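In listed order, ligands and their atoms are each counted from 1. Small disclaimer: the values here were computed from a predicted structure and weren't measured.
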Amino acid sequence: MLLRVINPNTTASMTAVIAASARAAAGPGVRVEAITAPMGPASIESHYDEALAVPGVLAAVAEGERDGADGYVLACFGDPGLDAARELATGPVIGIAEAAMHAATLVGRGFSVVTTLDRTRGRARDLAARYVAADACRGVHACDIPVLDLENDPSVRMRVVALGRAALEQDGSEVIVLGCAGMADLGAAVSAELGVPVIDGVAAGVALAEALVRIGAPTSKRGEYATPPAKPYVGRLRAFGT
Ligand SMILES: NC(=O)NC1=NC(=O)NC1=O
């Protein structure tokens, strides 16, 4: 089985963090291909970044279709381009926010998200409203660390633990969801400190994508996720036309 795990931002060192978590979660017979988006923002920290990350995501999915990928994980907590990617993909496409939030509801009644910048909290709430029951996401908290500082700031783990501990108390939640792919290497350590499940969406996404491939559940091409209608595109997006 070939799973293509796509980092929607263009920072290769972050793709390496994502790849390590993805490969640790993959089951026997699963090959993880970790891809850095071929175009777009160095990190995704705003609606603008997220919008302009989508062409890179879709280019990576289109390449995966040519290479015979069985499933995809979009490794950014905003799940950028998820629905469009499903229209291009044959196999399942899982966003890490979607995967982490669903996984959290399977091991606790309520979860709290610990994410990066304060301005990304609204997006996380919007995704929670789409993915899970109203009372499942009890709070979204930001440690105000820029995405690209995650890998070189030694205080990150301590700050995520402190914020997670406060979130569990304030929100009355039972599970922590890591709100950024760049936190993918923190799950076990933070869980050990807090004594609750801490869900890394990269690992959850790989597990879910793999499971769907194994049970024979590709993306349905009847209706909404059918192949997009062919049409010309002009300008810088010309290559995306069909
Ligand atoms: N909430 C976030 O920090 N999302 C993210 N931005 C990135 O560049 N990768 C993420 O996971």
(request) For ligand 1, list the protein residues that place a heavy atom within a distance below 4.0 Å of one of its atoms, sorted by chain and number. (result)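 Residue list for ligand 1: Asn9, Met14, Ser43, Ile44, Cys76, Phe77, Thr115, Thr116, Thr120, Val147, Gly179, Cys180, Ala181.
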(request) Could you work out the complete set of other residues in the hydrophobic cluster of Leu150, with links drawn between I, L, V, M, F, W and Y side chains under 4.5 Å apart? (result)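 Cluster partners of Leu150: Val114, Ile145, Val156, Val160, Val161, Leu163, Leu168, Ile176, Leu178, Met183, Leu186, Val190, Leu194, Val196, Val198.
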(request) Would you mind telling me which of Ile44, Val147, Thr120 makes a side-chain contact (heavy atoms from CB on, under 4.5 Å) with Asp49? (result)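 With Asp49 as partner, side-chain contact (heavy atoms from CB on, under 4.5 Å) holds for just one option, Ile44.
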(request) Report the residue from Glu33, Glu65, Arg4 that forms a side-chain hydrogen bond (donor to acceptor under 3.5 Å, both in side chains) with Tyr72. (result)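 With Tyr72 as partner, Glu33, Glu65, Arg4 yield a single side-chain hydrogen bond (donor to acceptor under 3.5 Å, both in side chains), made by Glu65.
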(message) Return the CG to CD1 distance between Asp79 and Ile96, rounded to the nearest 0.5 Å.
(response)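 Reported value, rounded in 0.5 Å steps: 7.0 Å.
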(message) Run the side-chain hydrogen bond (donor to acceptor under 3.5 Å, both in side chains) test against Arg214 and tell me which residues pass, sequence neighbours left out.
(response)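 Listed in chain order: Glu210.
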(message) For Ala42, give me all partners under side-chain contact (heavy atoms from CB on, under 4.5 Å), at least two apart in sequence or on another chain.
(response)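 Expected list: Thr10, Thr11, Leu148.
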